[in-house]
Amino acid sequence: MTAQPPEPSPRPVPSGELRASHDDREAVVEQLRDAAAEGRIDLDELDSRLEQALKSKTYAELAVLTADLPRLDSSGSRPPLVLKGGMYGASRGPGRWEVPGHVIAHGGVGGVKLDFTRAECRLTEVAVEAYGETSGVTIIIPDGWAADTSGMDPGFGGLTDKTTPDRLPGTPLIRLTGSGGMAGVVIRHPNRRERRKLDGNPTQG
């Protein structure tokens, strides 16, 4: 009896290929109407884009319709989100949370985990200051998001950047600054275990 070759693992679905919901389509429709009211697109463009928005099935199809429009949102003017690891650690995500324009993470003794995989972000760019300190900071961003780590000081602990440069239209750029400190800073996309959890609970907040 000949051994059967192992079946290949299923390919992770890129975030842009995930199915859009009614709420996702409605949010794009609202943004297009606002753009027309501001004179950014004319009425013919509005009608064409609205028709495409209502027929769109994936995030990538929706993103194309608003890629040339500014993404203004009140979250950009919010005060910074500050996370301090302290003695016991701190985290934000992977549940639903709204991303402000500025996030500051201090690893402290307990460490900090910052997970954007289910975050609501309507900004084109998010400034993240990460200070590894004693126990480090881990940042997780969805596939399709990109990071600029050129302003980061690796410090003694170093910077580990496992992200890809492939950025989907309409997704935010994470502009990372700060210092690795003693334990370092890691920025990456979800690992296999996290992907399985995301696929198994796509709407869990």
Side-chain angles (χ1 to χ4, degrees), residues 12-82 92-105 114-130 139-152 161 163-178 187 189-190 198 202-203 205:
V13 179
S15 59
E17 295 179 15
L18 294 175
R19 293 285 178 149
S21 67
H22 292 307
D23 288 343
D24 296 324
R25 284 185 282 271
E26 186 58 37
V28 170
V29 165
E30 195 68 28
Q31 186 178 355
L32 291 171
R33 287 174 175 161
D34 288 345
E38 295 166 355
R40 300 184 190 277
I41 57 176
D42 61 33
L43 294 181
D44 288 339
E45 287 179 300
L46 175 63
D47 289 341
S48 174
R49 295 193 193 196
L50 287 179
E51 183 178 358
Q52 292 178 59
L54 295 174
K55 293 179 179 178
S56 294
K57 295 182 179 180
T58 66
Y59 286 134
E61 291 173 351
L62 287 175
V64 170
L65 300 176
T66 58
D68 60 348
L69 299 176
R71 303 180 69 188
L72 303 176
D73 185 74
S74 60
S75 56
S77 59
R78 288 182 174 185
L81 168 65
V82 180
R92 178 57 58 97
R96 296 256 181 218
W97 58 285
E98 192 162 352
V99 180
H102 191 185
V103 181
I104 304 171
L114 186 59
D115 191 336
F116 289 92
T117 52
R118 294 191 189 278
E120 298 285 347
C121 186
R122 301 178 184 179
L123 302 167
T124 56
E125 186 174 303
V126 179
V128 177
E129 290 182 52
I139 303 163
I140 306 169
I141 63 175
D143 295 318
W145 290 28
D148 177 1
T149 62
S150 60
M152 185 77 186
D161 182 358
T163 63
T164 63
D166 303 323
R167 183 182 176 190
L168 285 174
T171 59
L173 173 71
I174 302 298
R175 195 170 296 281
L176 184 62
T177 60
I187 183 165
H189 298 297
L198 286 167
T203 59

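Numbers for residues simply follow the sequence, beginning at 1.
- Val126 has its side chain out of reach of Leu173: every pair of non-hydrogen atoms, C-beta onward, lies at least 4.5 Å apart.
- Closest of all the heavy-atom pairs between Val29 and Leu50 is CG1-CD2, 3.7 Å.
- Scanning all heavy atoms of the two residues, the minimum distance from Leu62 to Ala53 falls at CD2-O, 3.8 Å.
- Between the CG atom of Asp161 and the OG1 atom of Thr149 there is a distance of 4.5 Å, given to the nearest 0.5 Å.
- Here the side chains of Ile141 and Thr163 are in contact, with some heavy-atom distance below 4.5 Å.
- Rounding to the nearest 0.5 Å places CH2 of Trp145 at 16.0 Å from CG of Asp166.
- At a threshold of 4.5 Å between non-hydrogen side-chain atoms, the residues Asp143 and Leu168 do not count as touching.
- Ser56 and Gln52 share no donor-acceptor pair across their side chains, judged by distance under 3.5 Å alone.
- A pairwise comparison of heavy atoms in Ile140 and Pro190 identifies CG2-N, 3.8 Å as the closest pair.
- Taking CZ of Arg175 as the reference point, atom OG of Ser150 lies at 6.5 Å (rounded to 0.5 Å).
- Contact record, Leu81 with Arg92: CD1-NH2, 3.7 Å, taken as the closest heavy-atom pair.
- The line from CD of Glu30 to OG1 of Thr66 is 13.0 Å long, rounded to the nearest 0.5 Å.
- A distance of 12.0 Å separates OG1 of Thr117 from NE2 of His189, quoted to the nearest 0.5 Å.
- Heavy-atom minimum distance, Arg25 versus Lys57: NH1-CA, 4.3 Å.
- Note that NE2 of His102 and CD of Glu125 are 11.5 Å apart. Values are rounded to the nearest 0.5 Å.
- A 4.5 Å side-chain heavy-atom check between Leu69 and Arg49 finds at least one atom pair inside the cut-off.
- For the pair Pro142 and Phe116, the minimum side-chain heavy-atom distance is below 4.5 Å.
- For the pair Leu176 and Ile187, the tightest heavy-atom approach, listed with the atom from each and the gap, is CD2-CG2, 4.3 Å.
- At a threshold of 4.0 Å, the pair Arg167-Asp148 does not count as salt-bridged, since none of the basic side-chain nitrogens sits closer than that to a carboxylate oxygen.
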